[in-house]
Amino acid sequence: MADMALNSSSWQPIYRILLATALLLMVAHVIVYISFGVALIPFPFDYDQAEGFELNNAILLAEGGCPYCDNDVYPFYASGYAPFYHILMVPFVWMFGPQFWYGRLLLFLATLITAGAIWYAVWRAEKHVWVGAVAGMAFLASNFIYHIGPMLRQHLLMVMFETLAVVAVTIALSRDDKGHRRWWLVVTFAMLLFAGYTKQLAYSTCLAVGIWLFLRNPRMAITYSLGLIAIAGAIFGWAMVVTDGQWWINIISSNQNEYITEQFVGLLTLFVELHWTMLLLALLVAGWEFYFARVSAYSVWFVASLLSTIGAGKWGAGDSYFATTLVAACILAGIFVARSLNGNWTIAKSHPWHEIASRITLPMGLLGSVGMLLFVIYGMTVVKLPTSGVYEPIANAFGVEPKPAHRYPFYDAADWTVGYAVTGHFPSQADYEAGWEIVEQVRNTDGIVVSEDAGFVIQAGREVVTNPVQLRNLWENDLYDPTDLMALIENQDIGLIIRRADLFPLPILVAMDTHFVLDEVIEMNGFAYELWIPRE
């Protein structure tokens, strides 16, 4: 297709202004993101309810314990998350003891690596350094990523492995040397294995890579896919044996949660409202490739991951389920701009429109400038800003205040919806003091301590008893018998119960209300932590 190259176009000055504006906006977003990471990583308590239980999985593995065993017996603890993230934390547990900071640091670094992989994917496809940089930072700029990026949660580590796998498979099939090609395919499927054993949601990326590879080389796709299935299956079988079948119950059965259509619709709507610019550019590239040209791995990945977001409607799911789609969208959006600047919108020679298209001249400078304008609009859409601490003067200067739905000193351009992570504020000195006050209460308690946030118990050097959400999921699937835990509550063998959101199974909550009484409420991180003691 004929083109008007940017260098000979009157659009060059406009594009440069838009590029500079987009870079400034993205750098500002990244600074806020890094600031949040620096503030949150050393915080020694749960910032999000499940962080402490993720850490406890690593502690159990470091001690040779089992995070996937019988929930019906004391300490009534098991996890519904795959183990690879927790295994990565084990050396840190050995070196530093139980701490939150290294788990958060691993995830924070994973998001930076993902952003770097996005940059590399765009650069490798179209050789535009600054467009790739804008696309990579656009991932970090997202409200969805900001909220969970520095947390001790495994989802974005899975996303990193997924991204590396897709980039690696594109490299593999570009190699003429069979040895290099095999090496990169091994890297690809190793990343998929790591992603799947970080979190089960990686199945969509496994399918996308397998489908794209099959379109290019069926024999290669079948060979390496069967290898992945064999290795993953062997690990699964080994886990079934060593846990006496509890692995299936905790990893598979416990995740069959109630589906909430309202939650999915709300999250999808919010995702589109915040990221419509990236999604539009991604859809244009994917649509072009599917109809006019050779389809790329990124387009197949984008479609597969977008379809998989339907899982965000499950109880317990959230905005993180859209992170993989966002990565694919950022890569394709960057490719749209860079491809326009290079004049590389080509139509396959076998396509019936090839002859007609070859005579058409497209204003590539205009297309590249419009694409970069959409990045600018995106940067102005995904605004988030703490309104306390070092950012308070900035927030005051711009008249930024938290929205009524947000209980923290933090402004978020997104409106609240079910499943959205309403986080992002920086922990305060008052939060530190409140956390240590609760820890002191745990230390001074005779008997068992049960807490919805495991961090207090971990910091007190006590054993973590129960995993409320896991028990609730199992109970609702008729896979958990609460009899023994209820007996401890009724006999008041438990000395302290720390409640925050009442995520336990209903029979446990009824027993707590019957045999325990509220003693004190301590505010931390915007939550009211209720300390319940045995009723006299």
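Start at 1 with the first residue, then count along the sequence.
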Test item: Ile148 and Ser320 side chains (from C-beta on) under 4.5 Å apart, heavy atoms: yes
Ignoring hydrogens and geometry, is there a side-chain-to-backbone donor-acceptor pair from Asn71 to Tyr480 under 3.5 Å? no
Once you round to the nearest 0.5 Å, how far does CD1 of Ile494 lie from OG1 of Thr445? 11.5 Å
Atom of Thr243, atom of Cys66 and distance for their closest heavy-atom approach: CG2-SG, 4.0 Å
Please check: side-chain N/O of Arg500 versus main-chain N/O of Asp453, any donor-acceptor pairing under 3.5 Å? no
State, with a plain yes or no, whether a side-chain heavy atom of Pro386 is found less than 4.5 Å away from one of Ile394. no
Testing the basics here: between Glu162 and Ser204, what is the closest heavy-atom pair and its distance to 0.1 Å? OE2-OG, 4.4 Å
Run through Tyr47, Phe36, Phe410 and flag the one making a ring pair (Phe, Tyr, Trp, His ring centres under 6.0 Å) with His425. Tyr47
Heavy atoms, side chains only, cut-off 4.5 Å: are Ile489 and Ile508 in contact? yes
Quick check, are the ring centers of Tyr420 and His147 under 6.0 angstrom apart? yes
Just by modelled atom types, is the Gly52 backbone N or O under 3.5 Å from a matching donor or acceptor in the Asp46 side chain? yes
Hey, does the side chain of His155 reach the backbone of Lys199 with a donor-acceptor pair shorter than 3.5 angstrom? no
How long is the gap from CG on Leu479 to CD1 on Ile249, to the nearest 0.5 Å? 6.0 Å
Which pair of heavy atoms, one from Leu503 and one from Gln49, lies closest together, and at what distance? CD1-CD, 3.7 Å
Rounded to the nearest 0.5 Å, how far apart are CD1 of Ile113 and CG of Leu164? 7.0 Å
Any luck finding a side-chain donor-acceptor pair between Glu463 and Tyr74 under 3.5 Å? yes
N/O donor-acceptor pair under 3.5 Å between Lys314 side chain and Asn255 backbone: yes
Rounded to the nearest 0.5 Å, what separates atom CG in Leu274 from atom CG in Asp319? 9.5 Å
In Å and rounded to the nearest 0.5 Å, what is the CG to SG distance from Leu140 to Cys330? 9.0 Å
Would you indicate whether the side-chain heavy atoms of Glu452 and Phe504 approach each other to under 4.5 Å? yes
So with a 6.0 Å cut-off around CD of Glu520, is the heavy-atom count from everything else above 12? yes
When every non-hydrogen atom of Ala328 is compared with those of Trp301, the smallest separation belongs to CB-CE3, 3.8 Å
Chi angles and distances behind the side-chain contact (heavy atoms from CB on, under 4.5 Å) call for Met137, Phe375: CA-CA 10 Å; Met137 288 189 286; Phe375 271 100; over 6 Å; no
Going through the checks in order, is the side-chain contact (heavy atoms from CB on, under 4.5 Å) test met by Phe302 and Ile331? CA-CA 9 Å; Phe302 173 70; Ile331 291 174; over 6 Å; no
Centroid separation under 6.0 Å, is that true for the rings of His275 and Phe322? no
Got Phe45 and Val439 here, is their nearest side-chain heavy-atom distance under 4.5 Å? yes
Nearest heavy-atom approach of Met26 to Ala141 is SD-CB, 4.0 Å
Using a cut-off of 6.0 Å, state whether more than 12 heavy atoms not belonging to Asp244 lie near its atom CG. no
Any donor-acceptor pair under 3.5 Å linking the side chain of Tyr146 with the backbone of Gly424? yes
Neighbour count >12 (heavy atoms, 6.0 Å) for atom OH, Tyr259: yes
So do the side chains of Phe161 and Leu193 get within less than 4.5 Å of each other, counting heavy atoms only? no
Within 6.0 angstrom of Glu490 CD, more than 12 heavy atoms from elsewhere: yes
Looking at Tyr77 and Phe53, would you say the former's side chain and the latter's main chain have a donor-acceptor pair under 3.5 Å? yes
Closer than 4.0 angstrom, basic N to acidic O: yes or no for Arg499 and Asp513? yes
Ignoring hydrogens and geometry, is there a side-chain-to-backbone donor-acceptor pair from Asn467 to Ala78 under 3.5 Å? yes
Distance-only polar pair, side chains of Ser79 and Asn57, donor-acceptor under 3.5 Å: yes
So do the side chains of Leu152 and Tyr85 get within less than 4.5 Å of each other, counting heavy atoms only? yes
Asp446 atom CG: more than 12 heavy-atom contacts under 6.0 Å: no
So, does Arg153 use its side chain to make a donor-acceptor pair with the main chain of Leu107 at under 3.5 Å? no
Heavy-atom nearest pair, Leu270 first then Ala414, reads CD1-CB, 3.7 Å
Test item: Glu51 side-chain N/O and Met151 main-chain N/O as donor-acceptor pair under 3.5 Å: no
Validation row: Asp412, Asn143 side chains within 4.5 angstrom (heavy atoms): yes
Would you please classify the geometry between the Trp247 ring and the Tyr68 ring as parallel, tilted or perpendicular, with 30° and 60° separating the classes? perpendicular
Working note: Phe100 + Phe43, criterion side-chain contact (heavy atoms from CB on, under 4.5 Å); need CA distance, chi angles, decisive distance, verdict. CA-CA 7 Å; Phe100 282 85; Phe43 188 61; over 6 Å; no
List the steps, then state whether side-chain contact (heavy atoms from CB on, under 4.5 Å) holds for Ser142 with Tyr378. CA-CA 9 Å; Ser142 168; Tyr378 172 75; 3.4 Å; yes
Side chains of Asn491 and His515: is there a donor and an acceptor less than 3.5 Å apart? no
Hey, could you give me the OG1/CG distance between Thr111 and Leu106, rounded to the nearest 0.5 Å? 11.0 Å
